[in-house]
Amino acid sequence: MKNIFEIMKEFGLEVPEDKQKDFEKVMLENYKTISDYDVQTKKLESAEDKVKTLTESLDKFKDVDVDKLNEDIGTLKKQLEDRDKELADQLAERDFMDTLKESVHAAKGKDTEKIIRLLDVEALKTSKNQKEDIAAAIKAMAEDDVTKGMFHTDEPEKTGTANVIGGITGSGSGGMDAQMRVVMGLPPAETKGE
């Protein structure tokens, strides 16, 4: 790019050297170079593109009913909240039922589903101390004469043998067979080898 003074010289105009600085200052205040012009042109084009894009984006919404849109957004938010609550309720129900089943199993319940049906499930759901209240309710069932048969007990196993007629013989002083013979007035049974 040529200097302004060289260009003026080509046209027969010359600025004395002592005035060149003042002339250059006045020129820069009033005129810009082509490179400055190109930068400003690019900025303007960019701004115009942005305005065009924004206008096109806004045109998509020109027929939109804002109140209806806000209503739809509110409805969607409510649906999301309802769904979240429903999922939380389902998880709480699953956890509650797992706690019930584990408690029945720990109490050696024979039929878990039947025992759960006999419990006041709604009262236990609203309990503040669910685990303790469930355990207490199941313990009460295991100790109640009416429902204790629904639980396995730790009774000692009976030893001995049974015959088809139903008599039980066992170890000890003569067993049941010997006692029955005494009650009937019969002599003791003969044992082999005597």
Side-chain angles (χ1 to χ4, degrees), residues 1 25-160 162 166 168:
M1 184 161 86
K25 182 180 173 191
V26 171
M27 272 299 288
L28 290 175
E29 287 174 359
N30 292 292
Y31 300 97
K32 299 293 180 194
T33 63
I34 297 237
S35 60
D36 287 338
Y37 173 80
D38 289 342
V39 167
Q40 294 303 323
T41 301
K42 285 183 183 178
K43 283 183 182 179
L44 180 61
E45 287 171 359
S46 174
E48 287 173 350
D49 287 343
K50 285 179 185 177
V51 167
K52 183 180 177 187
T53 303
L54 286 172
T55 302
E56 288 171 359
S57 297
L58 288 173
D59 283 346
K60 293 177 187 175
F61 295 103
K62 72 179 178 184
D63 295 329
V64 173
D65 181 1
V66 176
D67 293 334
K68 172 92 170 88
L69 188 62
N70 285 332
E71 183 181 318
D72 290 346
I73 290 170
T75 302
L76 290 173
K77 282 183 180 179
K78 177 79 170 101
Q79 288 174 349
L80 283 174
E81 289 169 4
D82 291 348
R83 183 70 179 138
D84 287 346
K85 185 183 181 319
E86 182 182 330
L87 288 174
D89 290 346
Q90 287 175 356
L91 287 174
E93 178 71 17
R94 184 204 62 195
D95 292 345
F96 175 75
M97 291 307 291
D98 286 347
T99 302
L100 276 177
K101 289 175 184 175
E102 289 168 10
S103 298
V104 170
H105 179 71
K108 300 179 183 174
K110 292 179 182 177
D111 186 347
T112 304
E113 297 302 319
K114 194 176 215 180
I115 293 170
I116 290 173
R117 281 194 302 267
L118 293 174
L119 292 170
D120 186 359
V121 174
E122 292 307 313
L124 292 172
K125 276 184 185 178
T126 59
S127 169
K128 290 185 180 179
N129 300 318
Q130 275 185 348
K131 253 187 169 164
E132 294 84 8
D133 292 344
I134 290 170
I138 292 173
K139 183 179 178 190
M141 282 181 74
E143 293 172 353
D144 187 282
D145 289 337
V146 176
T147 55
K148 72 180 175 184
M150 299 175 77
F151 296 88
H152 294 285
T153 59
D154 294 328
E155 292 179 5
E157 286 186 33
K158 295 180 180 168
T159 58
I168 298 177

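Computed from a predicted structure; not experimentally measured.
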Check your understanding: Should D38 and K42 count as an ion pair when the cut-off is N to O under 4.0 Å?
Key -> no
Between atom [atom1] of [X] and atom [atom2] of [Y], what is the distance when rounded to the nearest 0.5 Å?
X    : Y    : atom1 : atom2 : answer
T53  : L58  : OG1   : CG    : 11.0 Å
E48  : K52  : CD    : NZ    : 10.5 Å
L100 : I138 : CG    : CD1   : 6.0 Å
M97  : T112 : CE    : OG1   : 10.0 Å
Q130 : E132 : CD    : CD    : 10.0 Å
K139 : D144 : NZ    : CG    : 13.5 Å

Looking at [X] and [Y], what are the two nearest heavy atoms and their distance?
X    : Y    : value
M141 : T147 : O-OG1, 2.5 Å
L119 : A137 : CD2-CB, 3.8 Å
S127 : N129 : OG-N, 3.2 Å
I134 : F96  : CD1-CE1, 3.8 Å

Over 12 non-hydrogen atoms of neighbours within 6.0 angstrom of NZ in K110
yes
Atom NE2 of H105: over 12 foreign heavy atoms under 6.0 Å: no
Partner of D82 under side-chain hydrogen bond (donor to acceptor under 3.5 Å, both in side chains), picked from Q79, K78, K85, is K78
